Q: 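Before I ask anything, here is the structure I am working with.
Keep in mind that the numbers below use all heavy atoms, side chains included, and drop hydrogens, waters and symmetry copies. We name chains A, B, ... by the order of the sequence lines, and we start the count at 1 in each one. Owing to the predicted nature of the structure, the values given are computational and were not obtained by experimental measurement.
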Amino acid sequence: MAGARVESVALGRPDLRFPFPERFAERIAGQRIETLSRRAKYLLAELSSGETLLMHLGMSGSFRAASGIAGADAFHHPRSKLAAHDHVIFDLVTSDNEPARVIYNDPRRFGFMTLVEAGGRDTHPLLKDLGMEPTGNRLDGPWLAAAFAGKRTPLKAALLDQRIIAGLGNIYVCEALNRASLSPTREAGTLSRRGPVAARRAEKLATAIREVIAEAIQAGGSSLRDHMRTDGTLGYFQHTFRVYDREGEPCPTPGCGAPVTRIVQSGRSTFYCRHCQR
DNA sequence: ATGGTACCCTGAGAGC
DNA sequence: TGCTCTCAGGGTACCA
């Protein structure tokens, strides 16, 4: 989509999780997509009009794309054909002057799209309170310790809090905690105690978070059920899950092997090893 | 302030 | 085969 001109936008219904904003399609049609980026779990497409198209996939949203197909054939390509729960269709002309179609599909409609006015990125309610990105070296032990200082909430809940770290979901929190040998029920603030033990714990968790995210991206994401990449293929990170959705299976930590436990924390499943995660 | 819970919605899978 | 029940990558509103 980057560099493409949007020819038209078609909506299959008036809302996803929220209603589309006023004149949604008209405000995008005719615009060029200047840049594509990501913040936390939001996708951002900056338009030549100055507005930004803000998108979230929720739990079940996916994009699929048909491009690089000569001439009018693009719109007859099998991947261009509409299917159940296709809610938004972008018809584009790419920077190489090729027609292309990008389709947003979302069975549960927990995803959404909206438009952010020019210059409104820092003040938009959905974006302004987001915390640290989990990629890159800025998320290190000392930063994590400072961020969790005084927090009595369980580590699991603290890691899912998008105001602290922005972009971790249920799977990657479970995986990072297992790698760091930390219990999801531990008080977050205990990583901020003075002394070398807490400092090492915080550093290990920060490293585990960065590694899990990097490896998942490398593997093309985690495909549960029908989740897919834009070319229709599945990511394969789920094959490397150590604890997520593995209740009763042996913990893969070397020398451990205790069965993985499932508990519920703030309404979501947590998978972890009671034996080696402390 | 920070739980925990219900809810938005559809589909998949298990059990009967 | 078909029914009912449970659960699911997220986030927010509301309660105690």
Side-chain angles (χ1 to χ4, degrees), chain A residues 12-20 38-43 54-64 83-88 104-114 124-131 133-135 147-178 184-190 192 209 212-213 215-217 219-230 233-248 260-271:
Chain A
R13 52 178 299 128
D15 60 353
L16 292 170
R17 178 170 179 175
F18 312 118
F20 290 100
R38 178 196 60 78
R39 173 75 173 107
K41 299 172 188 173
Y42 296 95
L43 307 169
L54 183 67
M55 300 168 278
H56 196 295
L57 301 176
M59 303 254 280
S60 61
S62 64
F63 283 101
R64 70 181 193 276
H85 308 302
D86 284 344
H87 303 308
V88 188
Y104 179 70
N105 181 284
D106 190 353
R108 292 178 75 180
R109 303 202 302 277
F110 283 2
F112 59 85
M113 295 189 192
T114 193
H124 193 279
L126 294 169
L127 301 176
K128 66 182 172 63
D129 294 324
L130 292 172
E133 285 288 329
T135 53
F148 285 176
K151 294 221 173 292
R152 310 211 52 192
T153 190
L155 259 185
K156 170 79 184 296
L159 291 170
L160 281 175
D161 187 340
Q162 303 295 299
R163 296 169 302 182
I164 306 173
I165 302 173
L168 295 181
N170 202 32
I171 291 177
Y172 300 132
V173 167
C174 291
E175 293 299 301
L177 285 170
N178 177 262
T185 63
R186 168 192 280 272
E187 268 186 30
T190 62
S192 314
I209 290 166
V212 164
I213 290 290
E215 289 174 30
I217 291 169
S222 305
S223 303
L224 307 186
R225 300 189 176 83
D226 57 350
H227 266 233
M228 64 168 90
R229 297 187 271 184
T230 55
T233 60
L234 301 176
Y236 51 87
F237 186 73
Q238 68 276 18
H239 300 306
T240 74
F241 288 169
R242 294 165 55 110
V243 288
Y244 185 83
D245 205 19
R246 291 190 180 278
E247 185 178 15
V260 171
T261 304
R262 173 184 180 271
I263 60 172
V264 174
Q265 289 178 292
S266 40
R268 328 197 83 94
S269 286
T270 297
F271 297 91

Q: Spell out, as yes or no, whether a donor-acceptor pair under 3.5 Å connects the side chain of A/Asp86 to the backbone of A/Ala83.
A: yes
Q: It should be established whether A/Ser60 places a side-chain nitrogen or oxygen under 4.0 Å from OP1 or OP2 of nucleotide C/dA8.
A: no
Q: Does OP1 or OP2 of C/dA8 have a side-chain N or O of A/Tyr244 closer than 4.0 Å?
A: no
Q: Rounding to a whole Å, what distance do you find between A/Phe18:CZ and B/dC9:P?
A: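 Interatomic distance, CZ of A/Phe18 to P of B/dC9: 12 Å.
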Q: Just to be sure I understand the rule, does A/Arg163 reach a base, reach only the sugar-phosphate, or reach nothing, if contact means heavy atoms closer than 4.0 Å?
A: nothing
Q: What's the CG-C1' distance between A/Leu57 and B/dT10, to the nearest Å?
A: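 One finds 16 Å between C1' of B/dT10 and CG of A/Leu57, rounded.
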Q: What's the OH-C1' distance between A/Tyr172 and C/dG9, to the nearest Å?
A: 8 Å
Q: Kindly label the base of C/dG9 as syn or anti, based on whether its glycosidic torsion lies within 90° of 0.
A: syn
Q: Stacking here means centres under 5.5 Å and planes under 30°; does A/Phe110 stack on C/dG11?
A: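 Not stacked by the 5.5 Å and 30° rule.
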Q: Examine C/dA8: is either OP1 or OP2 under 4.0 Å from a nitrogen or oxygen in the side chain of A/Arg262? Give yes or no.
A: yes
Q: Tell whether A/Arg268 reaches the base of C/dA8 with its side chain through a donor-acceptor pair below 3.5 angstrom.
A: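 Flag unset: no donor-acceptor pair detected.
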Q: Under the ring pair (Phe, Tyr, Trp, His ring centres under 6.0 Å) test, which residues partner A/His56, sequence neighbours left out?
A: A/Tyr42, A/Phe112
Q: Could you tell me the separation between the CG atom of A/Asp129 and the C1' atom of C/dG11, rounded to a whole number of Å?
A: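 Rounding to the nearest Å, CG of A/Asp129 and C1' of C/dG11 are 13 Å apart.
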Q: When the distance from CD of A/Glu247 to P of C/dT6 is rounded to whole Å, what number comes out?
A: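 That distance rounds to 16 Å.
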Q: When the P atoms of B/dA1 and C/dG11 are considered, how many whole Å apart are they?
A: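 To the nearest whole Å, 23 Å.
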Q: Do you know which two heavy atoms are closest between A/Leu168 and A/Pro134, and how far apart they sit?
A: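 Closest heavy-atom pair between A/Leu168 and A/Pro134: CD2-CB, 3.9 Å.
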Q: Distance check: side-chain N/O of A/His56 vs OP1/OP2 of C/dG11, anything under 4.0 Å?
A: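 True: A/His56 side-chain N/O within range (under 4.0 Å) of C/dG11 OP1/OP2.
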Q: Could you give the CG-to-P distance, from A/Leu16 to C/dG10, as a whole number of Å?
A: 18 Å
Q: May I ask you to decide if A/Gly131's main-chain N or O and A/Gln162's side chain share a donor-acceptor pair within less than 3.5 Å?
A: no
Q: Considering just the side-chain nitrogens and oxygens of A/His85, establish if one lies under 4.0 Å of OP1 or OP2 belonging to B/dC9.
A: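 It does not, given that no N or O in the side chain of A/His85 lies less than 4.0 Å from OP1 or OP2 of B/dC9.
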Q: Under 3.5 Å, side chain of A/Glu247 to main-chain N/O of A/Phe271, donor-acceptor pair present?
A: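 No.
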Q: Grab the CG-P distance between A/Leu43 and C/dG10 for me, whole Å please.
A: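 So the two atoms are 14 Å apart, to the nearest Å.
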Q: Which dot-bracket string fits DNA chain B when only Watson-Crick or G-U wobble pairs with both atom distances under 3.5 Å count, crossing pairs get [ ], and | stands for a partner on a different strand?
A: .|||||||.|||||||
Q: Is any side-chain nitrogen or oxygen of A/Lys41 closer than 4.0 Å to OP1 or OP2 of C/dG11?
A: yes
Q: Does A/Pro184 offer a backbone N or O that forms a donor-acceptor pair with the side chain of A/Gln265 under 3.5 Å?
A: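 Answer holds: yes.
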Q: I'd like to know if A/Arg17 and A/Asp106 make a salt bridge, using a cut-off of under 4.0 Å between side-chain N and carboxylate O.
A: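 Answer for the salt bridge query: no.
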Q: Here's a test of your reading of the structure: between A/Arg109 and A/Ala157, which maps to the more 5' nucleotide of DNA chain B?
A: A/Ala157
Q: Tell me: CE of A/Met59 to C1' of C/dG10, nearest whole Å?
A: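 Distance, rounded to whole Å: 6 Å.
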Q: Choose from C/dA8, C/dG9, C/dT12 the nucleotide whose nearest atom is closest to any side-chain atom of A/Asn170.
A: C/dG9
Q: Does a side-chain N or O from A/Arg17 land closer than 4.0 Å to OP1 or OP2 of B/dC9, or not?
A: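 So the side chain of A/Arg17 is outside the cut-off, no N or O lying under 4.0 Å from OP1 or OP2 of B/dC9.
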Q: Over all strands shown, is A/Gln162 touching base, sugar-phosphate only, or nothing at heavy-atom distances under 4.0 angstrom?
A: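 It contacts sugar-phosphate atoms only.
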Q: Suppose we screen for salt bridge (Lys or Arg N to Asp or Glu O under 4.0 Å). Which residues come up paired with A/Arg242, at least two apart in sequence or across chains?
A: none
